[in-house]
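Below: the structure, in structure tokens.
Nothing here was measured: the structure is a model prediction, and the numbers come from that model. Every chain is numbered from 1 and lettered A, B, ... according to where its sequence line falls, protein lines coming before strand lines.
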2 protein chains.
Amino acid sequence: MRADAQRNRARILDVARTVVEEQGTQASLRDIARRAEVGMGTLYRHFATREELLEALLGSRFDRLAARAGTLEATRPPAEALEEWLREFAAGAATYRGLAASMIATLEDDASSLHASCMAMREAGARLLARAQEAGHIRPDVDGTDLFALFSAVASIADVAPSIAARRDHLFALVMEGLVSRSR
Amino acid sequence: MRADAQRNRARILDVARTVVEEQGTQASLRDIARRAEVGMGTLYRHFATREELLEALLGSRFDRLAARAGTLEATRPPAEALEEWLREFAAGAATYRGLAASMIATLEDDASSLHASCMAMREAGARLLARAQEAGHIRPDVDGTDLFALFSAVASIADVAPSIAARRDHLFALVMEGLVSRSR
DNA sequence: ACCTGAACACCGTTCAAGT
DNA sequence: ACCTGAACACCGTTCAAGT
């Protein structure tokens, strides 16, 4: 990559981080280009879609969270590992406004650049879920998609309604309760 | 109201119903005006905000659901009344794509034309919740806002991801499980 | 009193023209 | 190779001009 291209790419990512922090994952791409002092075409050349930009911004976080599931699986009892992972997942989903919604969109759209890293992360969580189910802690009629859907749903609504954001943890706890086996 | 104004209003509402059915609550207002064969100014004269239009489209549904809570309270045992009402609430939230999200937005925005009717409906649900709590069926640490947040969250995510829409009922059931008292 | 549609300020996306 | 910025097709919202 040419040196000026490299510089532009870095500038765009830098500015994008700030703008997404301010406006959420639906931030204006035009605004990002403007503030990076770069033509629209340059932004599109480096990131052909909004999802490519988000992947560059967030992909490593998803990878880290996927790896984290492996660590927790090796070091903690099943129920505790799952709960801790979900706590970290929820915290990650709150990184940027709209992120939970972007992750949900990824479910349907396997052309999305966020698809692969999100799926890997979901699958890592699903393994912790399966382990907790084998240990009898979690209802057997729940799968990884249910888990992801419920936690993402609560995260995405909290993004949109600040008054609900205040009770995020409580809502996560209530959802968690619903997944726990009745007879232990 | 002048006769032509009355006709225009009716036309707009008619077309809006169709377009919102097609595109969801975020439907293009321009498109509605176009298809109603009416100037943009006319649409704005009759419905100053998108929420006013939605209220005209949906207000009576909310009122009906609020009234339904009273009926259920009078005719069914507490737990059953709450569950049935939530079932109907969830079905209503699925009327239009984006409706659950619009209702959630209403929480923060008390200037919204949907605010009053939504709040009345939520309060009706909250009364059923309180009754089920007094009967010991539902955890005491849940309030009407929790109830609304959780069910709306699941409804709104199902709007966005068809693959999740298929398991709506299952997700509602899981959430419901989380609200039920452990010791009965 | 009410209606129309152009005007304005924004998008996202594409692409001819430049270096 | 890469960049620029105008062009295009859309928005929502407002408002002068018409009837």
**Message:** Just to be sure I understand: a Watson-Crick pair is purine N1 to pyrimidine N3 plus N6-O4 or O6-N4, both under 3.5 Å. Using that and G-U wobbles, which stems of three or more pairs involve DNA chain D?
**Reply:**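 Stems found: C:4-8 with D:12-16, C:12-16 with D:4-8.
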**Salt bridge flag under 4.0 Å for residues A:Asp146 and A:Arg139** = no
**Prompt:** When you check the gap from the basic side-chain N to the acidic O, do B:Glu134 and B:Arg131 get nearer than 4.0 Å?
**Reply:**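 No, B:Glu134 and B:Arg131 are not salt-bridged.
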What is the distance, rounded to the nearest whole Å, between atom [atom1] of [X] and atom [atom2] of [N]?
{"X": "A:Leu43", "N": "D:dT4", "atom1": "CG", "atom2": "C1'", "value": "13 Å"}
{"X": "B:Glu37", "N": "C:dC3", "atom1": "CD", "atom2": "P", "value": "14 Å"}
{"X": "B:Gln6", "N": "C:dA1", "atom1": "CD", "atom2": "P", "value": "16 Å"}

**Fill in**
Quick note, ring-ring contact (aromatic ring centres under 6.0 Å, His included) partners involving residues 2-25 of chain A, not counting sequence neighbours, are none
**Complete:** For residues 51-77 of chain B, the ring-ring contact (aromatic ring centres under 6.0 Å, His included) pairs (sequence neighbours left out) are none
**Fill in**
Contacts of B:Asp14 meeting side chain to side chain donor-acceptor pair (under 3.5 Å) (sequence neighbours excluded), chain-then-number -> none
**Fill in**
side chain to side chain donor-acceptor pair (under 3.5 Å) filter on A:Glu177, not counting sequence neighbours, yields B:Arg182
**Prompt:** What residues form a ring-ring contact (aromatic ring centres under 6.0 Å, His included) with A:Phe172, not counting sequence neighbours?
**Reply:**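 Checked A:Phe172 against ring-ring contact (aromatic ring centres under 6.0 Å, His included); matches are A:Phe151.
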**Asked** When you check the phosphate oxygens OP1 and OP2 of C:dC2, does a side-chain N or O of B:His46 lie under 4.0 Å from one of them?
**Response** no
**Prompt:** Can you tell me if the side-chain N/O atoms of A:Asn8 get under 4.0 Å from OP1 or OP2 in D:dC2?
**Reply:**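 Indeed not, no polar side-chain atom of A:Asn8 lies that close.
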**nucleotides 7-19 of chain C: protein proximity per nucleotide (B base, S sugar-phosphate only, - neither; heavy atom, under 4.0 Å)** = B---BBBBB----
**Complete:** With sequence neighbours left out, the residues meeting salt bridge (charged side-chain N to carboxylate O under 4.0 Å, His left out) with B:Arg7 are none
**Partners passing salt bridge (charged side-chain N to carboxylate O under 4.0 Å, His left out) against B:Glu37 (at least two apart in sequence or in another chain)** =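 Only B:Arg11 meet the salt bridge (charged side-chain N to carboxylate O under 4.0 Å, His left out) criterion with B:Glu37.
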**Message:** Taking the minimum atom-to-atom distance to the side chain of B:Ala5, which one of D:dA1, C:dC3, C:dT4 wins?
**Reply:** C:dC3
**Asked** Near DNA chain C, which residues from residues 95-105 of chain A have a heavy atom under 4.0 Å away?
**Response**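 Hits under 4.0 Å, by residue number: none.
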**Prompt:** Which side chain to side chain donor-acceptor pair (under 3.5 Å) pairs, counting each pair once, include a residue from residues 105-124 of chain A, with sequence neighbours left out?
**Reply:** A:Glu55-A:Ser117, A:Glu108-B:Ser163
**Asked** Who are the side chain to side chain contact (heavy atoms under 4.5 Å, CB included) partners of A:Asp159, not counting sequence neighbours?
**Response** A:Arg97, A:Ala100
